[in-house]
Amino acid sequence: PTSAFTNAFTNAKAGMEGVDREMVKRVVHDMSVNSAHFATESRKEAAVEAKILAMKKRAASIRPSALATIKAAVDDRVARMEASRDLTKTWVHVDMDSFFASVHILERPELRDVPMAVGGMSMISTANYAARKFGVRSAMPGFIAKKLCPQLVFVDSDFAKYKHYASLTREVFKEYDPQFDAGSLDEAYLEISAYCAGKSMTPADVAEALRREVREKTKLTCSAGVAPTRRLAKVCSDANKPDGQMVIEPTRDAVAALLSSLPVRKIGGVGKVLDRTLAAFGIATCGDLLRERALVVALFSEVQSDFLLGVAIGVGGEARPARPPGWAPQRKSLSQERTFAPTADARALAAKIAALAEEVAAGLARENLLTRTVTLKMKRADFEVAQRQTSLPRPTNDAQTISDAALRLFRGEKNTHGSLRLLG
DNA sequence: ATACATACC
DNA sequence: CACTGGTATGTAT
């Protein structure tokens, strides 16, 4: 049978309406099926299936009486969450439309109407809408994209450019919410209730104005979602892409109406694995999640069931993260990794490790940081990943110290690593 | 503290 | 021919 991961590139995505999903699925499968990558993905897939099977056994062993007890407790939890529901905040999630691709089009307008992707034969990061019509999309290997669309043009990424345009968008965001939260180069969360009140504008009008201003300042389009929580705002920004917006009215009923049929996979934080796990229990939508809340609590950890119950009723992510004055984002890790033609040459691999250590050390120095832990990441030629970590006696940003630590980890693996395709 | 998996863009 | 790179976080041990 076709492994489910080969469906990864056929999910509905903005600009992919009308794509022959079966054809795309077949091409992706045919291009991959004999690869080492496919074999490893299939093995991981099997591990997920095994985990799901174990969960199903556990679910089957739950006595109806136990489930009834859980149900009462869950309803109590849901009631408490419900009591904490806050509909007074107005969150906007702004998401630039195919950002990287659009930036290149800005400087080379002729690329607008030819299928184009940022990246290369190995991997593409974004595709323009002309390419999406062929089923080409983010995170698809370029050689598969090229099979789907032989006339596809590749453009090299240019992060300096993206950062420039991102800073222009942020100038705009700042006007609407000085404390806006930039998730990445191409998106941000803004809380605009104060702005709306101050200007006597509706959230929908503010979102329109913001998008117009972004377009004027950058010549790029974006989409926006407006909702009482960040989580829901993000769902909405995706709903009318490109160059569109969607508003959820800040009422319990409006939220419930949207959630009742919303696929759980649309929620940020629900990825492929959680989606499939839930699907195994007949849970496809947030409505299903609410209906099966007792089962969810019985099967998932406290952290996950808290998250999932919040998802089910649309509560969570309404408060601005508490940040003391002068707060600046603190990175928790800094890394460099590189893929290369697979090799088992220990000297060549050691040289790569030393070079990566140099880069990491330079990064630490640039940001005035020290590290106490060093992690070596190895991906074998067959795509199996292994990580080895060590703690240093004291914090450092010295390239030699980091390199030595990584090389010790590497030598400790000597008998097992064989041929590698990536080091980090 | 360590290893690995998952998720996001 | 060819399946990324960077960061955060959850889970298990």
Side-chain angles (χ1 to χ4, degrees), chain A residues 5-6 8-9 13 28-29 31-45 47-48 50-51 93 95-96 98-101 117-126 137-147 154 156-157 159 162 166 182-188 231 234 237-238 264-277 300-308 329-342 356 359-360 363 367 372-379 381-392 409 412-413 421-424:
Chain A
F5 77 85
T6 57
F9 302 123
K13 185 81 185 164
V28 169
H29 179 269
M31 290 298 285
S32 315
V33 67
N34 290 320
S35 67
H37 183 258
F38 189 97
T40 300
E41 288 301 316
S42 300
R43 195 197 48 75
K44 284 198 231 160
E45 189 84 355
V48 168
K51 214 177 70 187
H93 181 250
D95 197 318
M96 302 303 294
S98 51
F99 183 54
F100 293 179
V118 178
M121 282 303 241
S122 295
M123 185 54 62
I124 67 187
S125 57
T126 327
R137 54 163 292 172
S138 306
M140 179 180 272
F143 68 91
I144 293 179
K146 199 84 179 168
K147 190 79 176 185
F154 291 124
D156 286 335
S157 61
F159 278 84
Y162 310 149
S184 62
L185 286 177
D186 81 323
E187 63 179 332
R231 203 136 71 199
K234 182 153 168 69
S237 70
D238 193 54
V264 286
R265 187 68 168 86
K266 293 278 184 191
I267 303 284
V270 180
K272 195 175 58 165
V273 171
L274 183 52
D275 184 45
R276 293 190 54 191
T277 305
F300 290 90
S301 72
E302 175 123 17
V303 170
Q304 276 206 306
S305 64
D306 258 338
F307 167 71
L308 290 170
Q330 276 296 304
R331 72 155 71 242
K332 299 185 172 69
S333 67
L334 188 156
S335 66
Q336 288 285 321
E337 66 183 53
R338 209 132 304 144
T339 297
F340 42 81
L356 290 165
E359 291 180 52
V360 168
E367 297 187 36
R372 244 176 56 76
T373 51
V374 173
T375 302
L376 177 70
K377 176 175 173 178
M378 294 158 284
K379 191 189 279 179
D382 63 5
F383 292 87
E384 293 285 359
V385 175
Q387 252 173 253
R388 297 294 175 259
Q389 181 184 320
T390 186
S391 300
L392 302 173
L409 293 169
E413 293 299 305
R421 70 179 339 269
L422 171 146
L423 281 166

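It should be emphasised that the depicted structure is a prediction, and the values quoted were computed from it without experimental measurement. Throughout, protein chains are lettered first and strands after them, A, B, ... in sequence-line order, and every chain is numbered starting at 1.
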No-H, no-angle donor-acceptor pair, A/S32 side chain to C/dC3 base, under 3.5 Å: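 Under the 3.5 Å cut-off, the side chain and the base do form a donor-acceptor pair.
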
If only side-chain N and O atoms of [X] are considered, is one of them under 4.0 Å from the OP1 or OP2 phosphate oxygen of [N]?
X	N	value
A/S335	C/dG6	no
A/K332	C/dT9	yes
A/R421	C/dT4	yes
A/R331	C/dA8	no
A/T373	B/dT2	no
A/Q336	C/dG6	yes
A/S301	C/dT11	yes
A/R265	B/dC8	yes

Starting from [atom2] on [N], measure out to [atom1] on [X] and report it in whole angstrom.
X	N	atom1	atom2	result
A/R388	C/dT13	CZ	P	17 Å
A/L409	B/dA1	CG	P	15 Å
A/D275	B/dC8	CG	P	10 Å
A/N34	C/dC1	CG	P	10 Å
A/K51	B/dC4	NZ	C1'	11 Å
A/K266	B/dC8	NZ	C1'	15 Å
A/R137	C/dT4	CZ	P	16 Å
A/Q304	C/dG10	CD	P	9 Å

Closest heavy-atom pair and its distance - A/T373, A/S391: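 Here A/T373 and A/S391 meet closest at CG2-OG, 3.9 Å.
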
- prompt: Mapping A/S35 and A/E337 onto DNA chain C by nearest heavy atom, which one lands closer to the 5' end?
  reply: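 Its nearest nucleotide being more 5', the pick is A/S35.
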
query: In terms of the nearest nucleotide of DNA chain C, which residue is placed more toward the 5' end: A/S125 or A/V303?
result: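 Upstream on the strand: A/S125.
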
Can you identify which nucleotide, out of [options], has its nearest atom closest to the [X] side chain?
X	options	answer
A/L422	B/dA1, B/dC4, C/dG5	C/dG5
A/M123	C/dC3, C/dG5, B/dT2	C/dC3
A/S333	C/dA8, C/dA2, C/dG6	C/dA8
A/V48	B/dT6, C/dG5, B/dA1	B/dT6
A/K379	C/dT4, C/dC3, B/dA1	C/dT4
A/V273	B/dA7, B/dA1, C/dA8	B/dA7

message: Closer than 4.0 angstrom, basic N to acidic O: yes or no for A/E384 and A/R43?
response: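 Looking at A/R43 together with A/E384, the answer is yes, because their closest N to O distance falls below 4.0 Å.
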
So what does [X] touch, heavy atoms closer than 4.0 Å: a base, only the sugar-phosphate, or nothing?
X	value
A/L274	sugar-phosphate
A/I267	sugar-phosphate
A/K147	nothing

- prompt: Using the P atom in both, what is the distance from B/dA5 to C/dT4, to the nearest Å?
  reply: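 Roughly 16 Å separates the two P atoms.
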
